[in-house]
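For reference, the structure is listed below as structure tokens.
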There are 2 protein chains.
Amino acid sequence: MTMSNTGGRRKPPTIHDVARVAGVSRGTVSRVLNGGHYVSPAAQEAVNAAIRKTGYVVNRHARSLITGRSDSVGFLLTEPQEKLFEDPNFNVLLRGCTQALAAHDIPLLLMVAGTEDERRRIMRYITAGHVDGVLLVSSHSGDPVAEQLRDAGVPLVQCGKPMGLGSKVSYVAADDRDGARDMVRHLLSLGRRRVGVVTGPLDTPGGVDRLAGYKEVLTEAGVAIDDRLIVSGDYSRASGEAGAERLLERAPDMDAVFVASDLMAQGALTALRRAGRRVPEDVAVGGFDDSAAATESVPALTTIRQPYDRISNEMVRVLLAQIGGEDPAAVILPTELVRRDST
Amino acid sequence: MTMSNTGGRRKPPTIHDVARVAGVSRGTVSRVLNGGHYVSPAAQEAVNAAIRKTGYVVNRHARSLITGRSDSVGFLLTEPQEKLFEDPNFNVLLRGCTQALAAHDIPLLLMVAGTEDERRRIMRYITAGHVDGVLLVSSHSGDPVAEQLRDAGVPLVQCGKPMGLGSKVSYVAADDRDGARDMVRHLLSLGRRRVGVVTGPLDTPGGVDRLAGYKEVLTEAGVAIDDRLIVSGDYSRASGEAGAERLLERAPDMDAVFVASDLMAQGALTALRRAGRRVPEDVAVGGFDDSAAATESVPALTTIRQPYDRISNEMVRVLLAQIGGEDPAAVILPTELVRRDST
DNA sequence: TTCTCTACTGTGAACGCTCACAGAAGCATG
DNA sequence: CATGCTTCTGTGAGCGTTCACAGTAGAGAA
């Protein structure tokens, strides 16, 4: 009479079963599992064979109980919703982090803090030690969550430069300023001199730095800064459309515009088309991000590529280092100009 | 001399500390934590006060070790990438599930099985009992993963109707057939008679059902089915564009088209514009999904709304029921016609 | 009174693992 | 031969919780 295996799950083998099959002790099996130092080759081999034979998989709960580590990290999003819905970059980041962590056999717990209630529950969960560290994505970058976590001693890496420079928290970001410089230099190299800009939100480092890069290059090139050519948006498509409209009103002779996100650039294209301007003949348009929106636009956008794959890899690397005891670190990654049809 | 709390985390309070503060035993605290049956009001109150005072949070690892439950579920995506990048619906689903689970205090583990290696690692993780159940999103809907999990006795809910009807696995889906019927009826009600269709992939139930609804309504209305008016796509924007182009070639007198996804409908709009057709005057266009693409299109798409918020809620509900021992269940949710500017 | 029943409470054992420690075996050195 | 050192192995304890069980107190019935 054999045991039925329909329906319920069988009780999985433990380290004890492996030890018995391999003819060694629990301790030896544990050592093999954790790097194999101080284990004879013969025992090593016997244990590995026993693991394969029994189909043993470590019980992470039991391990965590004694080590105090959870061997998992949280991916925390502190946005009501727009980010998750509108921003194509978010997907890339989430996927990149999931995979980078998977390579270390570390599961990713997704946490979305929309309401204040959710935020509290999540903070309690995190500070109780249920994750070893947190990857934080938040757009309003003076987020109190970052400071709270840092004060609680939770390893933390933020995506994008945080606002308060005093706060000692790790972050990984693209080089916004340098990217903006590249784009504006590119527009100037096309012979354009009336270069407008639709900035990001000016209460975020990203918004500020991209504008700074713009001004820097114009000044270098001896082109006067004209306030009528500067408006700001909030990275949304709608704000890009409104921004371009305002620019055309205030400076009808504009012959190029640097828009600080692809989504806004898409909106700007709509506004330009409506105003009867041809792109790129009358007005050259440069975006930022190289998100999916850049290739979907008509014409396809010349843009500044943010290396999201590298950003997610670095976020994970820095976080794991910090969990391992290293100090917080800031990583700034280079961007790249991608030429398409809008310039 | 006070203990420094800079840097490292303090050791969190245990159930023991709570018991001591409340003046009761571990057992009583545990009972309060798990529903409070057979606990006197006085003890109940004392324990709750002690929990607040000490800031106690249950150690889930210790609990899981003994209960055998992990009190977490996996969200498994078996797609190489396109879904995560192109499909706006995916975001909505992921967020919905995260929140529905959060209400039960259950964390969501995100798992992406792109490569074969990842798939194996994830299967081992799941079957080892590290999650209590799995929410599965996969487009090629005869996915072997579903059967493997079912055979391993892992509670499972799939998003969308699975292909092999024999396999007894839970799923939650929108009523594709009925949605298609509504849309085609709507197009007919506008007086259109040459109604084309760009279907989804015909090796998936969603693709098949939407086409079936289309044919059904035409037949009911006494309009002959014309094969030249039927082409199929794969839900991508590009395939919608190509599909509409082919339809115009084969049936230049087409005066309406039902496109089985909003993303494809966006592509169709591009093709129609290029061919000089006005939408909706010359050709009315109906989409499916009511994703972000529907409102971003110009003109905004009339479409069939899939109730993604309800879908995610139902997926979680059915999964938790199944974890609780109930039998697998199928849930089919009603759709809704959303009128915009393309019809 | 005594017994039974219900409502509640405390206690030891276990869950599966890692860690610290003790000890064994092998080998070179004094 | 004792001593030390290195490499390897086994053993008990304990992580924080739940669960089963035993036990207590009080109320009501016989």
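All chains are named by letter (A, B, ...) in the order of the sequence lines, taking the proteins before the strands, and each is independently numbered beginning at 1.
Between the P atom of dG16(D) and the NE2 atom of His16(B) lies a distance of 11 Å, rounded to the nearest Å.
For Gln44(B) and Thr67(A), each mapped to the nucleotide of DNA chain C holding its nearest heavy atom, the one lying further toward the 5' end belongs to Gln44(B). Comparing Arg31(B) and Leu65(A) along DNA chain D, the residue whose closest nucleotide (by nearest heavy atom) sits nearer the 5' end is Leu65(A). Comparing Ala62(B) and Arg26(B) by the nucleotide of DNA chain C whose heavy atom lies nearest to each, the residue mapping closer to the 5' end is Arg26(B).
Using cut-offs of 30° and 60° on the angle between ring planes, the pair His61(B) and His61(A) is tilted.
Proximity of Thr28(A) to the phosphate of dG10(D): a side-chain N or O atom is located under 4.0 Å from OP1 or OP2. Taking 4.0 angstrom as the limit, Asn59(B) places none of its side-chain polar atoms (N or O) nearer than this to OP1 or OP2 of dC15(D). Within the structure, a side-chain polar atom (N or O) of Tyr56(B) is placed less than 4.0 Å from OP1 or OP2 of dT17(D). At dG16(D), none of the side-chain N or O atoms of Thr14(B) fall inside 4.0 Å of OP1 or OP2 (strictly under the cut-off). Residue Ser40(B) has a polar side-chain atom (N or O) positioned under 4.0 Å from OP1 or OP2 of dT9(C).
Considering all non-hydrogen atoms of both residues, Lys168(A) and Pro328(A) come closest at O-CG, 4.2 Å.
When the options Arg119(B), Arg121(B), Arg120(B) are evaluated for a salt bridge (Lys or Arg N to Asp or Glu O under 4.0 Å) with Asp117(B), the one that passes is Arg120(B).
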